[in-house]
Each structure stands twice: as structure tokens, then as C-alpha cells.
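Written out below as C-alpha cells is the structure these notes cover.
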Amino acid sequence: MFWSIPTTLVLLSASTLTSAWPPPKWHHGQHHDGNGELAYPRQRGQDYDYTSFEQDQQVRADAVIEQFRFAWTGYYTFAYPHDDLLPKNNSWSDSRNGWGLLMFDALDTAIIMEQVDIVNIILDFVPAVDFTKNNAVLNPPDGPPNPATTSLFETTIRYLGGMLGAYDLLKGPFAHLDCNQSNVDALLTQAQSLADALKFAFDTPTGIPVNLVYVDNQTFATSNQELDGTYWAGLAELGTLCLEWRRQHLSDLTGNPEYGDLARKGESYWFSGTEIWPGLTGGNFSIQTGEIQDQYGGWTSGNDSAYEYLIKMYVYDPDRYQDYSARWQAAADSSIAHLLSSPSSRPDLTMVGAFDGMLVENYTEQLACFVGGNFILGATVLGRDDYLQYGLEFSEFCANGYRYAASGIGPIEYSWNTSILATANFTNQTALYDRAGWFIPDNTAYYNGQAPEAIESWYYAYQVTSDQYWRDVAWAYTLAQDRLERVGSGFSSVNDVLSPSGNGTLNFMASFMLAEVLKYQYLIQKPVEAIYDVEYGEENKNFFVFNTEAHPFAVAAKKPV
């Protein structure tokens, strides 16, 4: 178990985040001098104190491994071989086709942590999965009904991404692990089998894929995503397919260009679609005509992964994907020019808002907290110190969100729209807004936990600046997570992030808890960098690029950027 500490607060001026280019590297291992002096300049702020934190990074990393093994043991004991663990009543559900979702999502985290016993259990399981059939128990005895559909988006980032990421690690920096090589090879053949089973979803008039694939008589048969007689596909779905399907990464590994060609055809409608500002579009596409159907967008849900993958495609192969880099820069520059704002009560904070047409909303989401890391990645690969500054500011906005939530767990929605705050439904959060610069604009959305996006950005921030501050920001959440989210045989989200106790938990352990949250928490705390880390070494090169589910793919770049 971990130490328990009080949830604390922070007020930082924007100037404290200013970084020179290239960013200064922090000297690892600098601790207290024995006279009560700070171990590093920002260990204590106006409203927070990290001086009592564990200083040994290996102890921190081992504590994250313990959380991972606890979560795995609960799953393996009570939910194997189903998709999900329901930790409060030690039961299971099949939210993603009953193929053993958590194992596919957890595999490369187990590899990175070198938990070989877990790795081999999963590797023994993968070859036997039949991706042509839905194995979900639609009405389990102890859980909610399971869907008879599969999401192309979720299946791509979790199952396909999980197999490709594990394959690259086991064929690369973790080839020394004692694993059955035929099982390792099966990761790639099974990834191809899954893609072959799903590629009919691209058989539309435009080549834009439908996202929901329906299952008929336990076999994939038809697909449909219909609203008012029009078939729709989301921007996030379109963009996400490029990293796993496009000539990056499945086509490159198999030598079959078909997968990449399928993704490229649909993406062309995004690149040629009507823009609100350069690089920024609405988020829903007609699969009949390719036309964009709305004007709502930004770095929030439904759009997030598309923008995220633009710069990651460039990192994967700068020679082939310079057009993706140009598109990302256009979106980033437009966001800086049009979407930035600061809360009236906290002018030291800055975040990217959402937009509806040219109306900018003072609103963002937990899902958008990845944007800090994405801007930091863009800064290093493109040599843009302004992107670094904004990336650190966005990362701080979400760090601030976790501090000012009484549970130490940030909310799923942030608003700094004072007109909404003044309405009767939200005036009870006025004091919170005055301190924190945000409030939750939905009184039914106080729950949260198991969220990876903010930790992802703190990891990128640490990798580039080597500022121990970001490690401690992440550690504060690790402690809160252990204190409030550990329930029964696993982890689950709390009911109320504004309550110091969390007011109890839900009953669902998400697979991304192991795929993303615990992976990023481990990566940021482990004492020694490795080649699979993003922003590796003094020059911040990327020999691997992480998909949106934190599955690491070996880049194809001749000279990694």
C-alpha cells in the first residue's frame, strides 16, 4: 500500500512554465540537502507541497507495478477469459466481443514492466481467438447486457493496436524475454486476421468506414450507423485508422498495401473538406457523399484522435507523411490563434476551447488533456519552442484540475463559462471556480477515474524538460488512485470527484486502466530511460510512437525525429 497524503492545491503563474529551447535537462537524483531545502525549485508551491513524497524513483515504479499486478490478478481470478472485470462483485462483462479485451490492452504494459508470467499467459491465449465471430455472452448472469455490435474505432485502437505494439516490443527491445516465439509471431498473423474480418466496413460509397459493425448469428454480416436516414462516421474514427491500418503500421509489417489504401481513401475527404479555420473542421462525415455534416469540433471527444494522429504519422515516417505534419501545424496554429482562453478567476491558466462554427466555447474535457503532450511532441519534432510553451501550459491546466478536485481525481468536463456558472444549477460551484478556474457544467457528471489523458501529457512534459515537478504531479494522482479507486478485486471510477472520499465507486475496470493509466504512470516514474520511451535521450528522438491507447509502434523513419 501507498502513503496517504492530503489533496493539495496549486497556483502557478504562466511565467513559471516558460522554457528555453532546447529545454534544460534536470539532473536526476537531486534530493533534500539535509537542511530542509527543496530538492528542486518547484517542489513546494503556494498551495501544494510535494516535499513528503517518496524520493526513490524505483520505489515509485515498483508501486505502480504492484497496482498493475493487483488489477491483473483480479481480472485473471474472476473475469478471464472475458473482456472486463467488474471488481466490486468479482464478476465480468463482455463489452468488446468477448475476445478477452483486457489481455490485449494489458499485454504491452506487462512487457514493458517485464512481468513475464503475465506476458506468457496472454501470449498463450491470443492465437486461439477467432476474430470472425462475436464471442460475447449477451446477457451475463451478474452484469449488464453486452452489445451485439463492435466499434471499428475501439477494436482498432485496443485489439489491433495491442497486438501490433506487443509484436514490435517483443521483436525489438524486449526480445530477451523468455517467450514462445511462435506465439509472438501469432500476434502479427492475428492482427491481420482481425483486419481482414473488419475491412468490409470500408465498403461504402465513399470508402469512409462505418463505425458500428453489427453481428448476425454470431458472424459479422452487416454494418450500419444511421441517423435520420444518413450514414455518419466520426472524425476521430477516420483519423485513428491511419496509424494502425494505413501503410503505417499493419501494411508495413505485412507488406500488404490494402490496409493502408482503405484508410487513405476515407481520409481524403477530411483533408479536402470545408474548414472552419485552416486545419480545423466539423466532426461528422456522410459516408454517402463524404461531406462534413456539422461545424462542431476541437480537440475534444469525437475529434481528438484525428488531430493527435496527424503529428504521430509524421513521427512514424517523416519522408512519407509530410502532408500530415503540415495539416497538424495548420490545426495547431489555428487553435492558438482562435481557441485559446483563460478563466477569469485564474488568468495564469490557458486551455484550448471547443468550437461551434466560429463561436468558441470556454469548455474542454478530460479527453482533451492529451493535447499538452501532443503539442510537446510537435514542438520537438518540428523545432517549435512556441508549441512547447503551449504544451506545458495545457498540461498544467489539467494538473490544476486534479489538484482542485477534492478527491485528487480530475473531472470529465471543465467549463470556465461564467454565464453558465451564474445559472441556478451551478452557483454551488462558484467558490470552486474562484479557486480553481473551472467548474463541472453537468450535475450528472461528477464521476471519473481511470483517465489516462492528463498523465499522458505529464509524461511528455517530463521527458522533454526532465523537471521532477511533472513526476510529482503524476505521483499525486497515483496516490489518489490507490486510495479511492482500488475497490474489491480491481480499480473503478469514483462517483464524485468533488468529494474527498470520492463517494464510493462504480463497478467497472476499464481495459485502458492497464493499457494507458498504469503504463504512463510507470513510464514517468521509472528511473532509467529506454529506447521505447517517447522523446528519448538528450535530443528527444522517437524510435517508437504511441497510438491513442498507448500501444507503442516502432517507427519506420530512416532517421527518427
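Quantities reported herein were computed from a predicted structural model and do not represent experimental measurements.
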- Residues passing the side chain to side chain contact (heavy atoms under 4.5 Å, CB included) test with D304, sequence neighbours excluded, are A236, L367, F370
- Query: Would you say K88's side chain and T505's backbone share a donor-acceptor pair under 3.5 angstrom?
  - Reply: yes
- Exam field: side chain S407 to backbone V497, donor-acceptor pair closer than 3.5 Å: yes
- Item | Contacts of type salt bridge (Lys or Arg N to Asp or Glu O under 4.0 Å), residue K171, not counting sequence neighbours | D185
- Sequence-distant partners of N183, side chain to side chain contact (heavy atoms under 4.5 Å, CB included), two or more places apart: L123, D124, P127, N180
- With sequence neighbours left out, which residue pairs that include part of residues 442-455 fulfil the salt bridge (Lys or Arg N to Asp or Glu O under 4.0 Å) condition? none
- Item | Side chains of N89 and N507 in contact at under 4.5 Å (non-hydrogen atoms) | yes
- Closest approach of I409 and A480, non-hydrogen atoms and distance? CG1-CB, 4.4 Å
- Query: Using a distance-only test with no angle check, is there a side-chain donor-acceptor pair under 3.5 angstrom linking S335 and W299?
  - Reply: yes
- Message: Test your reading of the model: is there a side-chain donor-acceptor pair from D94 to the backbone of V137, 3.5 Å cut-off?
- Response: yes
- Note on the structure: When rounded to the nearest 0.5 Å, the distance separating CG of N400 from OG of S395 is 12.5 Å
- When rounded to the nearest 0.5 angstrom, what distance separates CH2 in W328 from CD1 in I311? 5.0 Å
- Partner residues of D117 under the side chain to side chain contact (heavy atoms under 4.5 Å, CB included) criterion, sequence neighbours left out: R69, Q115
- Could you walk me through whether Q67 and Y522 pass the side chain to side chain donor-acceptor pair (under 3.5 Å) test, one step at a time? CA-CA 10 Å; Q67 287 195 1; Y522 176 74; over 6 Å; no
- Provide the closest heavy-atom pair for L152 versus P209 in the form atom of the first, atom of the second, distance. CD2-CB, 3.6 Å
- Task: Please check if the distance between the ring centroids of Y477 and W470 is under 6.0 Å.
- Result: no
- Message: Is the shortest side-chain heavy-atom distance between E516 and Q450 below 4.5 Å?
- Response: no
- Please walk me through it: do F355 and Y296 pass side-chain contact (heavy atoms from CB on, under 4.5 Å)? CA-CA 6 Å; F355 62 83; Y296 184 85; over 6 Å; no
- Query: Does the R403 side chain pair with the main chain of G408, one donor and one acceptor, at a distance under 3.5 Å?
  - Reply: no
- Between D142 and L86, does a side-chain contact (heavy atoms from CB on, under 4.5 Å) hold up when you go through it step by step? CA-CA 9 Å; D142 297 321; L86 308 182; 5.8 Å; no
- Output all residues satisfying side-chain hydrogen bond (donor to acceptor under 3.5 Å, both in side chains) with S492, sequence neighbours left out; order by chain, then residue number. none
- Message: Parallel, tilted or perpendicular, judged at 30° and 60°: which one describes the rings of Y76 and W72?
- Response: parallel
- Note on the structure: Taken to the nearest 0.5 Å, the spacing of N495 CG from N448 CG works out to 11.5 Å
- Query: Do any pairs count as a salt bridge (Lys or Arg N to Asp or Glu O under 4.0 Å) and have a residue in residues 496-514, sequence neighbours left out, and if so which ones?
  - Reply: none
- Query: Picking from D108, L187, L250, what satisfies side-chain contact (heavy atoms from CB on, under 4.5 Å) with L164?
  - Reply: L250
- Query: Got a sec, which pairs hit ring-ring contact (aromatic ring centres under 6.0 Å, His included) with one end in residues 490-520, sequence neighbours left out?
  - Reply: F70-F491, Y459-Y520
- Residues in salt bridge (Lys or Arg N to Asp or Glu O under 4.0 Å) with D130, at least two apart? none
- On the ring face of Y159, is R96 found with NZ or CZ under 6.0 Å from the centre and within 45° of the axis? no
- Query: Are W99 and F125 close enough that their ring centers fall under 6.0 Å?
  - Reply: no
- Does T109 have any side chain to side chain contact (heavy atoms under 4.5 Å, CB included) partners at least two apart in sequence or in another chain, and if so, which? F68, M113, K519
- Query: Using the ring of each side chain (for Trp, its six-membered ring), is F439 parallel, tilted or perpendicular to F426, with breaks at 30° and 60°?
  - Reply: tilted
- By salt bridge (Lys or Arg N to Asp or Glu O under 4.0 Å) - contacts of E308 (at least two apart): K312
- Query: Strictly by modelled atom types, are D168 and H551 linked by a side-chain donor-acceptor pair under 3.5 Å?
  - Reply: no
- Query: Are any non-hydrogen side-chain atoms of V545 and V534 less than 4.5 angstrom apart?
  - Reply: no
- Task: Tell me whether the centres of the aromatic rings in Y50 and F53 are closer together than 6.0 Å.
- Result: yes
- Minimum-distance pair of heavy atoms, taken over all atoms of Y446 and Q429: OH-NE2, 3.2 Å
- Is a side-chain donor or acceptor of S193 paired with a backbone partner of T189 at a separation under 3.5 angstrom? no
- Message: Rounded at 0.5 Å granularity, tell me how far CG in L107 sits from CD1 in I122.
- Response: 5.0 Å
- Item | E413 CD to T364 OG1 distance, which is reported to the nearest 0.5 Å | 10.0 Å
- Establish, yes or no, whether a centroid distance under 6.0 Å links the rings of Y363 and Y414. no
- Taken in chain and number order and not counting sequence neighbours, the residues that satisfy salt bridge (Lys or Arg N to Asp or Glu O under 4.0 Å) with K526 are D533
- Query: Going from OH on Y75 to CD1 on I118, what distance comes out if it is rounded to the nearest 0.5 angstrom?
  - Reply: 12.0 Å
- Query: Checking side-chain contact (heavy atoms from CB on, under 4.5 Å) for the pair L198/T155: CA distance, chi angles, key distance, verdict?
  - Reply: CA-CA 9 Å; L198 292 175; T155 303; 3.5 Å; yes
- Can you check whether W458 and Y469 have ring centres sitting under 6.0 Å from each other? no
- Task: Search all heavy atoms of L85 against all heavy atoms of A71 and return the closest pair with its distance.
- Result: CD2-O, 4.5 Å
- Item | Check against side-chain contact (heavy atoms from CB on, under 4.5 Å), Y48 and D472 | CA-CA 11 Å; Y48 68 94; D472 282 353; over 6 Å; no
- Task: With ring pair (Phe, Tyr, Trp, His ring centres under 6.0 Å) as the test, would you mind laying out the steps for F174 and Y532 before giving the verdict?
- Result: CA-CA 10 Å; F174 292 93; Y532 53 83; 5.1 Å; yes
